[in-house]
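Everything quoted here is computed from the prediction, not taken from an experiment. Whatever order the structure lists them in is the order used to number ligands and atoms, beginning at 1.
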Amino acid sequence: MMIKRLAIIGVGLIGGSLARSIKRAGVCREIVGGGRDEAQLRKALELGVIDRYEIDIAAAVHDADMVVVAVPLGAMEAVFRQIAGHVRPDAIITDVGSAKGSVVDAARAVFGEVPPTFVPGHPIAGTEKSGVEASFTGLFEGRRVILTPLPHTQPEALASVRALWQHTGAEVVEMGVEHHDEVLAATSHLPHLLAYALVDTLVRMDESEEIFRFAAGGFRDFTRIASSDPAMWRDICLANRAAVLSVLERFMADIASLGEAIRAGDSERILSTFDRAKAARDRFCRQENNNP
Ligand code: NAP
């Protein structure tokens with residue numbers, strides 16, 4: 001696979017890391033960055049992440065074989081509007097948004113129907129940092145990328161986006177849009193919501209300074225992801241609202257029941273919950289270690 005011109009709109013953590021990985025793989029002649037902040041794009045150019053940039057998004061996608069939209073979910077529709085009518089009719093378009101239903105809706109709103117050359121995607125990799133300076137080449141190595149093609153997605157477009165991600169060292173899997181949003185609500189969106197909520201509760205307690213002084217490894221482990229970009233996670237919670245609310249309701253019922261067990265001194269129920277959770281996490285960590 002050789003891409004002549006790859007346009008990446010949004011050269012931040014994900015867009016920048018993709019550009020770096022594709023450069024390393026040597027499968028693309030030119031990577032053009034597009035965005036709205038010239039200082040950030042100049043930084044991306046200086047870091048060697050992209051070959052050139054355009055502030056005008058229509059100009060950035062001009063004559064590109066492939067366009068990757070790597071902006072926050074709340075900006076997807078606006079970016080689709082800027083590229084509509086300016087991409088080559090045969091150009092393959094993909095995105096990296098953390099929720100897929102909202103991206104598909106945005107594409108429908110702009111293009112009338114999701115173009116057959118559009119392949120929604122989501123790399124399951126990231127850090128709590130943002131921006132091109134946080135991007136790095138190995139981010140997707142050994143990670144999964146989920147593609148959520150629609151029934152009318154062109155098989156050639158799907159194969160090209162699959163190959164793009166395989167060049168980063170990622171394993172590509174496919175699933176339906178709705179299923180993706182349910183799975184990610186449970187495994188990623190809910191944990192971020194809980195991390196933010198826990199830190200916010202603690203910081204608003206009268207003795208918060210005292211609490212943070214004595215917070216140690218457990219607190220750090222549990223709350224690392226509360227250092228993620230708040231605007232990005234606001235967008236994700238709103239974009240995937242139905243699935244997030246559904247898993248949140250289930251969690252609230254479970255945590256209430258655990259609280260009830262503590263109130264009742266029901267040591268068996270507490271222990272069986274903790275035992276089940278520990279066994280599940282240990283199993284997950286073993287699988288991760290065998291499959292880095
Ligand atoms: P990021 O580091 O903040 O990068 C976002 C990029 O988009 C920045 O270059 C930003 O440029 C640009 N941008 C923002 N609004 C724009 C607009 N209206 N028009 C043009 N460019 C715009 O964020 P990221 O972590 O890479 O996330 C990007 C996407 O990846 C999101 O959709 C997110 O859901 C998804 N994702 C993130 C992770 C993760 O862990 N971080 C993992 C998987 C998927 P400015 O300098 O102008 O703001």
Need the ligand 1 atom indices (1-based, order shown) with element for anything under 4.0 Å from a heavy-atom of Gly97.
32 (O)
Side chains of His62 and His86: do they bring a donor and an acceptor to under 3.5 Å?
no
My understanding is that we take every heavy atom of each candidate and find the minimum distance to atom 5 (C) of ligand 1. Doing that for Ala70, Ser228, Gly121, Ala39, which one comes out nearest?
Ala70
I'd like to check which ligand 1 atoms, numbered from 1 as shown, lie under 4.0 Å from a non-hydrogen atom of Val11.
9 (O)
Going by the angle between their ring planes, with limits at 30° and 60°, are His189 and Trp233 parallel, tilted or perpendicular?
perpendicular
Please report the closest heavy-atom contact between Ala99 and Ala239, naming both atoms and the distance.
CB-CB, 4.3 Å
Using a 4.0 Å cut-off to any heavy atom of Asp37, which atoms of ligand 1 qualify?
46 (O), 47 (O)
Which heavy-atom pair separates Ile31 from Asp51 by the least distance, and what is that distance?
N-OD2, 2.7 Å
Identify, for atom 47 (O) of ligand 1, the protein heavy atom at the shortest distance, and state residue, atom and that distance.
Arg36 NE, 2.7 Å
Should Leu190 and Val183 be regarded as members of a common hydrophobic cluster, given that ILVMFWY residues are connected when their side-chain heavy atoms come within less than 4.5 Å of each other, either directly or indirectly?
no
min-distance protein heavy atom vs atom 4 (O) of ligand 1 -> Gly12 CA, 3.3 Å
I need the atoms of ligand 1 closer than 4.0 Å to a non-hydrogen atom of Ser130, numbered in the order shown.
2 (O), 3 (O)
When hydrophobic residues are tied together by side-chain contacts of less than 4.5 Å, even through go-betweens, does Phe118 share a cluster with Val79?
yes
Checking side chain to side chain contact (heavy atoms under 4.5 Å, CB included) for the pair Arg88/Asp63: CA distance, chi angles, key distance, verdict?
CA-CA 6 Å; Arg88 252 173 35 203; Asp63 205 27; 3.2 Å; yes
Numbering as shown, the atoms of ligand 1 that approach Gln40 to under 4.0 Å (heavy-atom distance)
46 (O)
Protein heavy-atom partner closest to atom 30 (O) of ligand 1 - residue, atom, separation in Å:
Val96 CG2, 3.3 Å
Leu13 to ligand 1: N or O pair under 3.5 Å?
yes
Hydrophobic cluster membership, with links at side-chain heavy-atom distances under 4.5 Å among I/L/V/M/F/W/Y: are Leu150 and Ile92 in one?
no
Does any N or O atom in Ile14 lie less than 3.5 angstrom from one in ligand 1, N or O only?
yes
Residue part near ligand 1, for Asp95, under 4.0 Å between non-hydrogen atoms
neither
May I ask you to identify the nearest protein heavy atom to atom 31 (C) of ligand 1, giving residue, atom name and distance to one decimal place in Å?
Val71 O, 3.3 Å
Under 4.0 Å from atom 10 (C) of ligand 1, can you find at least one protein heavy atom?
no
Within-shell test, Ser135 vs ligand 1, heavy atom, strictly < 4.0 Å:
no
Which atom of Phe80 lies closest to which atom of Val103, heavy atoms considered
CE1-O, 3.8 Å
Using 4.0 Å as the upper bound for N to carboxylate O, is an ion pair formed by Arg81 and Glu77?
yes
For atom 12 (C) of ligand 1, the protein heavy atom that lies nearest, with its residue and separation:
Gly10 CA, 3.8 Å
Using a strict cut-off of 4.0 Å, indicate which atoms of ligand 1 neighbour a heavy atom of Gly131.
1 (P), 2 (O)
Note the single closest protein heavy atom to atom 33 (C) of ligand 1, along with its residue, its atom name and the distance in Å.
Ser98 OG, 3.5 Å
At under 4.0 Å between heavy atoms, is it the side chain or the backbone of Ala99 that contacts ligand 1, or both, or neither?
neither
Within 4.0 Å of some non-hydrogen atom of His122, the atoms of ligand 1 are 43 (C), 44 (C)
For Phe219 and Phe212, I'd like to know if the aromatic rings sit close, meaning centre-to-centre distance below 6.0 Å.
yes
Can you pull out the closest protein heavy atom to atom 19 (N) of ligand 1? Residue, atom name and distance to 0.1 Å, please.
Val79 CG2, 3.8 Å
Between Pro72 and ligand 1, which residue portion shows a heavy-atom distance shorter than 4.0 Å: side chain, backbone, both, or neither?
both
I'd like to check which ligand 1 atoms, numbered from 1 as shown, lie under 4.0 Å from a non-hydrogen atom of Leu73.
32 (O)
Assigning hydrophobic clusters by single linkage (Ile, Leu, Val, Met, Phe, Trp, Tyr; side-chain heavy-atom cutoff under 4.5 Å), is Val71 placed with Ile83?
yes
State plainly whether one hydrophobic cluster holds both Ile3 and Ile14, where clusters connect Ile, Leu, Val, Met, Phe, Trp and Tyr through side-chain heavy atoms under 4.5 angstrom apart.
yes
Could you walk me through whether Glu141 and Arg24 pass the salt bridge (Lys or Arg N to Asp or Glu O under 4.0 Å) check?
CA-CA 12 Å; Glu141 254 164 51; Arg24 180 183 61 178; 2.6 Å; yes
Protein heavy-atom partner closest to atom 25 (O) of ligand 1 - residue, atom, separation in Å:
Met232 SD, 3.6 Å
